[in-house]
Asker: 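First, the structure itself, so that you have it in front of you.
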Amino acid sequence: ASGRMTASGEVQGREAAAEEQAFLEDVPVLGAALAETVLEGYVDGTDSKISWTYDPKTKTVVVTGKGTRTYGRTSSFPAGAEHIRFENCRMEGSWDYMFSGLGNLVSVDFAGLEKIKATSMQSMFSNCGNLALLDLGNFDTAHVTNMSAMFSGCGSLTNLELGTFD
């Protein structure tokens with residue numbers, strides 16, 4: 001058989017290979033179209049009860065829903081997000097790594113979030129290097145057991161409102 005081998009180990013005929021090559025050449029065009037597409041997802045660890053929508057034009061994530069986050073390993077939000085806003089939302093439990101690694105993030109608006117009963121906040125804002133102002137006055141931290149590295153890598157953070165932090 002003539003042609004080339006694919007990643008799965010199948011031999012691909014010349015015609016199929018030509019079609020694949022034409023598709024790959026169009027990938028930058030597809031990438032540009034995706035950059036304009038509104039994205040949707042769920043906050044990890046919430047059993048799909050807390051969702052988010054990302055508008056790439058405004059670089060804003062809006063988070064809605066009610067539930068408990070049982071774990072957090074990484075941020076659930078798109079890397080390009082600059083603004084995150086909670087609307088009609090309640091989320092209890094782990095806030096570990098919630099915004100971690102969002103280097104472009106400049107604002108988080110917790111105003112639309114009911115009183116937050118957090119249990120852990122490890123690395124919550126780690127490596128959010130552009131974040132300068134943060135108001136965490138809405139957090140109930142009475143049951144938090146871990147805040148390690150919460151602001152690690154937040155070199156621009158100059159204004160931090162802690163409100164009733166325990």
Side-chain angles (χ1 to χ4, degrees), residues 7 27-28 30-166:
V27 168
L30 294 172
L34 287 175
E36 299 295 317
T37 303
V38 172
L39 303 174
E40 296 178 338
Y42 295 96
V43 174
D44 70 322
T46 65
D47 294 329
S48 303
K49 293 180 180 174
I50 300 175
S51 61
W52 56 261
T53 303
Y54 174 68
D55 182 344
K57 292 178 183 172
T58 62
K59 298 182 190 246
T60 301
V61 173
V62 177
V63 184
T64 59
K66 298 182 186 319
T68 300
R69 187 172 187 236
T70 56
Y71 67 88
R73 294 184 194 114
T74 62
S75 174
S76 300
F77 308 119
E82 293 181 6
H83 312 280
I84 296 179
R85 184 175 69 244
F86 289 83
E87 293 182 356
N88 192 27
C89 188
R90 183 185 75 232
M91 187 166 69
E92 298 178 350
S94 173
W95 283 76
D96 291 350
Y97 301 94
M98 180 64 70
F99 310 102
S100 179
L102 297 179
N104 297 321
L105 189 64
V106 294
S107 71
V108 181
D109 181 356
F110 293 108
L113 193 58
E114 294 177 18
K115 188 75 171 178
I116 303 135
K117 294 178 182 174
T119 56
S120 185
M121 300 168 100
Q122 178 182 0
S123 299
M124 185 173 167
F125 296 100
S126 65
N127 300 313
C128 292
N130 286 327
L131 195 58
L133 168 68
L134 196 53
D135 183 351
L136 300 177
N138 203 22
F139 278 81
D140 175 356
T141 58
H143 300 287
V144 173
T145 58
N146 188 352
M147 289 186 182
S148 65
M150 188 171 171
F151 302 107
S152 174
C154 294
S156 298
L157 190 58
T158 56
N159 192 339
L160 182 59
E161 173 59 47
L162 297 178
T164 60
F165 256 47
D166 289 337

Asker: I need the minimum non-hydrogen distance between V61 and P78, along with the two atoms involved.
Answerer: CG2-CD, 4.1 Å
Asker: Which value, rounded to the nearest 0.5 Å, describes the distance between H83 atom NE2 and N104 atom CG?
Answerer: 10.0 Å
Asker: Which pairs with one or both residues in residues 123-136 pass side chain to side chain donor-acceptor pair (under 3.5 Å), sequence neighbours excluded?
Answerer: S100-S126
Asker: Are any of the side-chain heavy atoms of M121 and T141 separated by less than 4.5 Å?
Answerer: yes
Asker: Is a side-chain donor or acceptor of W95 paired with a backbone partner of I116 at a separation under 3.5 angstrom?
Answerer: no
Asker: Given S94 and T70, is the side-chain contact (heavy atoms from CB on, under 4.5 Å) satisfied, shown in steps?
Answerer: CA-CA 6 Å; S94 173; T70 56; over 6 Å; no
Asker: Within this structure, what is the CD-CH2 distance for the pair E40 and W52, rounded to the nearest 0.5 Å?
Answerer: 8.5 Å
Asker: Go through the structure and list residues passing side-chain contact (heavy atoms from CB on, under 4.5 Å) with Q122, not counting sequence neighbours.
Answerer: D96, Y97, S120, N146, S148
Asker: Can you name the side chain to side chain donor-acceptor pair (under 3.5 Å) partners of K66, sequence neighbours left out?
Answerer: N88, E114
Asker: For residues C89 and I50, report the shortest heavy-atom separation together with the two atoms involved.
Answerer: SG-CG2, 4.1 Å
Asker: Which atom pair, heavy atoms only, marks the closest approach of M91 to T46?
Answerer: SD-CG2, 4.2 Å
Asker: For R85, what residues pass the side-chain contact (heavy atoms from CB on, under 4.5 Å) criterion, not counting sequence neighbours?
Answerer: T60, V62, E87, D109
Asker: In Å and rounded to the nearest 0.5 Å, what is the CE to OG1 distance from M98 to T74?
Answerer: 10.0 Å
Asker: Considering only residues two or more places apart or on different chains, which pairs with a residue in residues 108-138 satisfy ring pair (Phe, Tyr, Trp, His ring centres under 6.0 Å)?
Answerer: F86-F110, F99-F125, F110-F139, F125-F151
Asker: Just grab all the salt bridge (Lys or Arg N to Asp or Glu O under 4.0 Å) pairs involving residues 67-83, residues at least two apart or on different chains.
Answerer: D44-R69
Asker: Rounded to the nearest 0.5 Å, what separates atom CD in E92 from atom OG1 in T68?
Answerer: 5.0 Å
Asker: What distance separates F77 CZ from I84 CD1, expressed to the nearest 0.5 Å?
Answerer: 5.0 Å
Asker: Show me the side-chain donor-acceptor pairs of residues 153-161 shorter than 3.5 Å, one per line, residues at least two apart or across chains.
Answerer:
unit_1 : atom_1 : unit_2 : atom_2 : d
S156   : OG     : G129   : O      : 2.7
E161   : OE2    : G163   : N      : 3.0

Asker: Using the side-chain contact (heavy atoms from CB on, under 4.5 Å) criterion, which residues pair with S48? Sequence neighbours excluded.
Answerer: Y42
